[in-house]
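Notes follow the structure.
All residue numbers in this chain count up from 1 along the given sequence. In what follows, every heavy atom counts, from backbone to side chain, and hydrogens, waters and symmetry copies are set aside. Since the model is a prediction, treat every value here as computed from it, not as a measurement.
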Amino acid sequence: MKTTNRARWMMIASMAVFGTIGLFVRNIPVSSGELALYRAVLAAGFIGIYLLATGQRIPFGAIRRQIPLLLLSGMAMGINWILLFEAYNYTTVSAATLSYYFAPVIVTAVCPLLFREKLTVRQIVCFVMSTVGLVLITGIGGGTSGGRDSIGILFGLGAAVFYASVILLNKFIRNVDGIHRTFLQFLAAVVTLIPYVAATSGVTLGGLNAAGWGFLLVVGLVHTGITYCMYFSALKELPGQKAAILSYIDPLVAVAISVFVLGEPLTFAQASGGVLILGFTLWNELSESA
């Protein structure tokens with residue numbers, strides 16, 4: 001019971017921290033590619049030190065067949081971060097986050113093709129209603145989104161596609177501990193992002209002030225290194241249903257910060273769309289874990 005309670009609080013804390021990332025990203029004046037790279041470097045360094053300090057060795061011999069999938073998922077993770085950070089630059093944190101949370105819907109739609117799973121009536125209903133929610137968020141046909149908002153939401157959807165890719169690739173990865181998997185994926189993200197940053201913005205860390213450095217360290221060490229470790233540790237101990245419910249703390253915190261802290265607008269249509277996406281996705285996840 002104590003272990004489960006501890007895991008529940010770790011999951012709550014990690015989801016709440018994840019929900020605040022948009023606030024910090026907004027205050028780091030570097031390109032999205034740079035920020036994604038620094039996030040991966042700081043997180044990989046933190047977890048690498050943790051593995052050394054605890055004497056945990058990665059069994060490369062036993063997982064060598066999984067290395068290509070780990071590299072691909074790490075690459076997808078890095079691209080996912082770039083697109084999400086770009087979404088924050090173009091639209092509100094709430095719109096970016098809600099469009100990003102279309103990822104589970106994408107996974108539901110793709111799984112029948114990859115794993116020969118049959119779509120249930122509930123899954124079809126969830127997919128249709130979540131898509132309606134996405135239409136409400138984007139304002140298609142209603143003119144609720146401006147040009148920059150539309151671009152930001154498209155970046156959010158692009159991030160959702162790559163996040164869904166990470167989820168799907170991880171379904172193929174077997175017999176790799178969560179923390180080892182995360183560490184190797186972060187390293188793969190670093191390898192992917194270095195040439196991208198070199199070819200685009202380059203390194204501009206010299207322009208950061210003290211506040212920028214502080215926000216960057218928080219995003220890399222707290223939002224990524226520490227919180228990912230907490231998240232995966234809690235995930236191992238919690239039943240799927242509880243984990244599914246608690247995971248929705250992330251978008252709720254993000255929307256609350258967007259509206260009440262950053263003072264960004266959230267239309268009734270966008271709020272309704274967010275409720276449809278989150279509500280029907282949660283309904284689908286709970287049915288799968290029941």
Checklist line | salt bridge (Lys or Arg N to Asp or Glu O under 4.0 Å): pairs with one or both residues in residues 26-53, sequence neighbours excluded | finding: R26-E264
Next item on the list: Can you run down the salt bridge (Lys or Arg N to Asp or Glu O under 4.0 Å) pairs that involve residues 198-215, sequence neighbours left out, and say none if there aren't any?
Entry: none
Flag the pair [X] / [Y] as yes when at least one side-chain heavy-atom distance between them is below 4.5 Å, and no otherwise.
X    : Y    : answer
I257 : V93  : no
T97  : L84  : no
Y38  : V219 : no
L216 : L35  : yes
L266 : S258 : no
L184 : L71  : no
P59  : H180 : yes
H223 : T20  : yes

Do [X] and [Y] sit in one hydrophobic cluster, given that two such residues count as connected whenever their side-chain heavy atoms are within less than 4.5 Å of each other, even indirectly?
X    : Y    : answer
L205 : L37  : yes
F172 : V107 : yes
V191 : L69  : no
L52  : Y228 : no
L278 : V275 : no

Short question: side chain of [X], backbone of [Y] - any donor-acceptor pair under 3.5 Å?
X    : Y    : result
N170 : V166 : yes
T192 : A188 : yes
S14  : M11  : yes
T227 : V222 : yes
S99  : A96  : yes

Next item on the list: Sequence neighbours left out, what passes side chain to side chain contact (heavy atoms under 4.5 Å, CB included) with I249? Give chain and number order.
Entry: I12, M15, A16, L246, V253
Note to self: Under the rule for side chain to side chain contact (heavy atoms under 4.5 Å, CB included), what residues qualify as partners of M129, not counting sequence neighbours?
What the structure shows: V125, L276, F280
Using 0.5 Å steps for rounding, measure from the [atom1] atom of [X] to the [atom2] atom of [Y].
X    : Y    : atom1 : atom2 : result
L187 : I58  : CG    : CD1   : 7.5 Å
I153 : I151 : CD1   : CD1   : 10.5 Å
S94  : I137 : OG    : CD1   : 8.5 Å
Y100 : I277 : OH    : CD1   : 13.5 Å
L51  : I179 : CG    : CD1   : 5.0 Å
L169 : M77  : CG    : CE    : 10.0 Å

[X] and [Y]: which non-hydrogen atoms are nearest, and at how many Å?
X    : Y    : value
A109 : F127 : CB-CE1, 3.7 Å
A40  : V190 : CB-CG2, 3.6 Å
A95  : Q270 : CB-NE2, 4.1 Å
A36  : G78  : CB-O, 4.2 Å
G19  : D250 : CA-OD1, 3.3 Å
A87  : G152 : CB-O, 3.3 Å

Next item on the list: Taking atom CZ of F162 as the centre, report whether more than 12 heavy atoms of other residues, nucleotides or ligands fall under 6.0 Å from it.
Entry: no
Margin query: Evaluate E86 against L83 for side-chain contact (heavy atoms from CB on, under 4.5 Å), listing each step before the verdict.
Written below: CA-CA 5 Å; E86 279 296 299; L83 295 174; 5.5 Å; no
Item checked: L136 vs T267, side-chain contact (heavy atoms from CB on, under 4.5 Å): CA-CA, chis, key distance, verdict -> CA-CA 10 Å; L136 289 173; T267 67; over 6 Å; no
Item checked: ring-ring contact (aromatic ring centres under 6.0 Å, His included) pairs, two or more places apart, involving residues 40-70 -> none
Next item on the list: Determine which pairs satisfy ring-ring contact (aromatic ring centres under 6.0 Å, His included) with at least one residue from residues 67-96, sequence neighbours left out, and list them in order.
Entry: W81-F186, Y90-F155
Checklist line | Stepwise side-chain contact (heavy atoms from CB on, under 4.5 Å) check, C229 with I47 | finding: CA-CA 8 Å; C229 289; I47 295 178; 3.9 Å; yes
Please name all residues satisfying side-chain hydrogen bond (donor to acceptor under 3.5 Å, both in side chains) with [X], sequence neighbours left out, ordered by chain then number.
X    : result
Y163 : none
N27  : none
T91  : D149
T182 : none

Next item on the list: Tell me, with the steps shown, if T92 and V259 meet side-chain contact (heavy atoms from CB on, under 4.5 Å).
Entry: CA-CA 9 Å; T92 63; V259 174; over 6 Å; no
Checklist line | ring-ring contact (aromatic ring centres under 6.0 Å, His included) partners of F215, counting only residues at least two apart | finding: F24
Notebook entry, point to check: Pairs in or reaching into residues 69-79: which pass side chain to side chain donor-acceptor pair (under 3.5 Å), with residues at least two apart or in two chains?
Noted result: S73-Q185
